[in-house]
Amino acid sequence: MIKILKYGEVPNSELFIRTDALSNVADTVSDILDNVRRNGDKALIEYTERFDKVRLKGLEVTKEELEDALSKVEPEFMGVLERAAANIRAFHSRQVRNSFILNEQDGVVIGQKIMPIEKVGIYVPDGTAPLSSTVLMDTIPAKIAGCKEIIMVSSPNADGNINPYILAAASVAGVDRIFKVGGAQAIGALAFGTESIPRVDKIVGPGSAYVAEAKKQVYGRVSIDMIAGPSEILAVADEKTEPRYIAADMLSQAEHDYNATAVLVTNSMELALRVQKELEVQIEKLPRRDIARASIDNNGKIIVADDLMKAIDIANEIAPEHLELCVDEPFDYLDKIKHAGSIFMGRNCPEAVGDYFAGPNHTLPTSGTARFFSPLSVDDFVKKSQYTYFSAEALDKVADDIAMFAEKEALMGHARSVMIRTEDRRNKA
């Protein structure tokens, strides 16, 4: 049963989401990455046979395999994917930035150019919950940014195929190439390249502890979006909120993972007790009840605060991945929220709306990293270069200033690289 904690009566360490390592997988992941780097496709096929229990003849999804998968997907669901994709495109299209140029000083031109990252790898978890929504959320911003090639990887099933709903989402989103490989080995393939899988410049997408550790270890060779931990939800709710709704929302994240975290912060002990009771009822109705039970019992908590403003303060301290504001006039509190991945406003906006359909991204910072990380966006798929032009006359005007700056840093070569030009012109004058 979920714990009820009274704010101020227990140590703060009891209130917040666990951020400790779930398991020590670094050495195992390092060995896998090294094997993939050295042996390429051979290592991927061997790991797929070991972990996914299937011996693949080829790693890439063929056109025929994709068409066969699409034939198995209900037209109604294809329509849902298209509508969701349209919402995601509409939202992320507003994030596009423009290059700029400044030439306000005579003889000086400075600017910044924004360019898409050329090759992006999308990791899509399958396992017990095939996340076709992740395909849309991670691919569409990359397409809007103008990325030249998007490579998707996902684990095959025992028949050697990727889940058809994942492939349907890839078709809708515009993924360029798809490979049947998952786990840390897939991250290695994207980072190093193999005979079949091209090396990419950035890897995005959630995954297991092994995937997260692999992304951490290859960072620097390639860019990554973030190190994502288990899913989290925090609801701020008052006494007017229906407890069945809050319990259902908490379980929507608890069913993700044994290590997922669901938190309610409320100013009402009565609501706390009713939600505690309702969770027990609803858990038993879930197909993934064992996962939800472990999540709620081990990581879940209900925190009772003195008032709503204190509840908001607690939410800011926790900095959750998903934050629901289940209160009257939620926009009155929006400016008070300082740290959250994605915010869901009002009593009729469950987090699942954002997971699938609304348009804002669902790849979000976890484990308190919303204090300094942001949701996945078009910005994650571009890079910036800056440029500077000085005419001879413009350089001569500032040469002494630059030289003095360099001299104060004891970098006389810097100073000389400027002054050698200016002195030549002065001597000729």
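FYI, side chains are in, hydrogens and waters are out, and symmetry mates aren't considered; it's all heavy atoms of this structure. Sequence positions, counted from 1, serve as the residue numbers for this chain.
Rounding to the nearest 0.5 Å places CG of Leu323 at 4.5 Å from CG of Leu325. Note that OH of Tyr210 and OG1 of Thr28 are 5.5 Å apart. Values are rounded to the nearest 0.5 Å. Interatomic distance, CG of Leu190 versus CE of Met152, reported as 11.0 Å (0.5 Å rounding). Atom CE of Met250 is separated from atom NZ of Lys301 by 9.5 Å, given to the nearest 0.5 angstrom. Considering OG of Ser252 and CD of Glu324, their distance stands at 7.0 Å, rounded to 0.5 Å. Rounding to the nearest 0.5 Å gives a distance of 9.0 Å between CG of Leu5 and CD1 of Ile302.
In plain terms, the two heavy atoms of Asp225 and Leu376 that are nearest each other are CB-CD1, 3.8 Å. Cys147 and Val120 make their closest contact through SG-CG2, 3.7 Å (heavy atoms, listed as atom of the first residue, atom of the second, distance). In this structure, Asp52 and Ser155 approach most closely via the heavy-atom pair OD1-CB, 3.9 Å. What you find for Pro375 and Leu364 is that their closest heavy atoms are CB-CD2, 3.5 Å. In terms of heavy atoms, Ala145 sits closest to Val378 at CB-CG1, 3.9 Å. Closest approach of Ala173 and Leu136 over heavy atoms only: CB-CD2, 4.0 Å.
Ion pairing between a basic and an acidic side chain is recognised when a charged N comes within 4.0 Å of a carboxylate O; Lys3 and Asp297 show no such pairing. Ion pairing of Arg50 with Glu46 is absent here, as no side-chain N (NZ or NE/NH1/NH2) approaches a carboxylate O to less than 4.0 Å. Checked for salt-bridge contact, Asp307 and Lys310 miss the test: no charged N lies under 4.0 Å from a carboxylate O. Checked for salt-bridge contact, Glu280 and Arg293 meet the test: a charged N lies under 4.0 Å from a carboxylate O. Using a 4.0 Å cut-off between a side-chain N of Lys or Arg and a carboxylate O of Asp or Glu, Glu149 and Lys119 qualify as a salt bridge. The residues Arg347 and Glu242 are annotated as not salt-bridged, no charged nitrogen and carboxylate oxygen being separated by less than 4.0 angstrom.
No side-chain donor-acceptor contact under 3.5 Å links His362 to the backbone of Gly354. Looking only at distances, no side-chain donor or acceptor of Gln276 sits under 3.5 Å from a matching main-chain atom of Met1. A donor-acceptor pair under 3.5 Å is absent between the side-chain atoms of Glu409 and the main chain of Leu411, judged by distance alone. Although no hydrogens or angles enter the test, the distance criterion places a donor-acceptor pair under 3.5 Å between the side chain of Asn299 and the main chain of Ala260. Using modelled atom types, one side-chain atom of Ser154 and one backbone atom of Val124 make a donor-acceptor pair closer than 3.5 Å. A donor-acceptor contact shorter than 3.5 Å is absent between the side chain of Asp138 and the backbone of Ile122. Without hydrogens or angle criteria, Thr266 side chain to Ala237 main chain gives a donor-acceptor distance under 3.5 Å. Arg55 contributes no side-chain N or O that, together with a main-chain N or O of Glu49, makes up a donor-acceptor pair within less than 3.5 Å. Put simply, the side chain of Asp257 never gets that close to the backbone of Pro230: no donor and acceptor are under 3.5 Å apart. When atom types are taken as modelled, the side chain of Ser93 and the backbone of Arg89 share a donor-acceptor pair closer than 3.5 angstrom.
Using modelled atom types and a 3.5 Å distance limit, the side chains of Tyr258 and Asn298 yield no donor-acceptor pair. Side-chain polar atoms of Gln253 and Glu232 form no donor-acceptor pair below 3.5 angstrom. The closest side-chain donor-acceptor pair between Glu321 and Ser231 falls under 3.5 angstrom. No side-chain donor from either of Asn161 and Asn157 sits under 3.5 Å from a side-chain acceptor of the other. A donor and an acceptor atom, one from each side chain of Ser196 and Asp41, are located under 3.5 Å apart.
Residues Gln217 and Ser30 have side chains in contact (heavy-atom distance under 4.5 Å, counting atoms from C-beta outward). The shortest side-chain heavy-atom distance between Ile296 and Leu251 falls under the 4.5 Å cut-off. In this structure, Asp159 and Val54 have side chains that are not in contact, with every pair of non-hydrogen atoms separated by 4.5 Å or more. The shortest distance between side-chain heavy atoms of Asn267 and Val304 does not fall below 4.5 Å. Between Ile233 and Val263, the closest side-chain pair of non-hydrogen atoms is not below 4.5 Å. Within the 4.5 Å cutoff, the side chain of Leu56 has heavy atoms near those of the Lys180 side chain. Residues Leu167 and Asn163 form no side-chain contact, since every pair of their non-hydrogen atoms from C-beta on lies 4.5 Å or further apart. Using a 4.5 Å cut-off on side-chain heavy atoms (C-beta onward), Pro141 and Asn361 make contact.
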Requested in this report: Report the C-alpha distance between Asp238 and Leu271 in whole Å, list the side-chain angles of each, state the deciding distance to 0.1 Å, and finish with yes or no for side chain to side chain contact (heavy atoms under 4.5 Å, CB included).
Outcome: CA-CA 8 Å; Asp238 61 18; Leu271 179 67; over 6 Å; no
Query - Evaluation steps, side chain to side chain contact (heavy atoms under 4.5 Å, CB included), between Ile32 and Tyr47 - result: CA-CA 9 Å; Ile32 290 172; Tyr47 283 130; 3.7 Å; yes
Query - CA sep, side-chain torsions, deciding dist, call: Thr369, Ile227, side chain to side chain contact (heavy atoms under 4.5 Å, CB included) - result: CA-CA 9 Å; Thr369 60; Ile227 306 295; over 6 Å; no
Query raised in the report: salt bridge (Lys or Arg N to Asp or Glu O under 4.0 Å) between Arg289 and Glu255: does it pass, once the steps are laid out?
Result: CA-CA 7 Å; Arg289 69 179 67 86; Glu255 72 172 355; over 6 Å; no
**Report entry** Verdict with reasoning, Phe100 to Asn98, per side chain to side chain contact (heavy atoms under 4.5 Å, CB included)
**Finding:** CA-CA 6 Å; Phe100 64 82; Asn98 296 316; over 6 Å; no
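For the side chain to side chain contact (heavy atoms under 4.5 Å, CB included) criterion with Phe381, the lone passing option out of Asp201, Val204, Ile144 is Val204. When the options Arg97, Gln95, His92 are evaluated for a side chain to side chain donor-acceptor pair (under 3.5 Å) with Asp379, the one that passes is Arg97.
Annotation: Asp332, atom CG; neighbour count of heavy atoms from other residues, nucleotides and ligands within 6.0 Å is above 12. Around CZ of Phe331, the count of heavy atoms belonging to other residues, nucleotides or ligands within 6.0 Å does not exceed 12. Annotation for Arg177: atom CZ counts as buried by contact number, over 12 foreign heavy atoms lying within 6.0 Å. In Arg38, the CZ atom is crowded: over 12 heavy atoms of neighbouring residues, nucleotides or ligands sit closer than 6.0 Å. Annotation: Phe405, atom CZ; neighbour count of heavy atoms from other residues, nucleotides and ligands within 6.0 Å does not exceed 12. Within a 6.0 Å sphere centred on OH of Tyr356, other residues, nucleotides and ligands contribute 12 heavy atoms or fewer. Residue Glu195 qualifies as enclosed at atom CD: its count of foreign heavy atoms under 6.0 Å is above 12. Remark: Phe91 CZ is packed, more than 12 non-hydrogen atoms of other residues, nucleotides or ligands lying under 6.0 Å away.
Under the rule for a ring pair (Phe, Tyr, Trp, His ring centres under 6.0 Å), the partners of Tyr165 that lie at least two apart in sequence or sit in another chain are Phe77.
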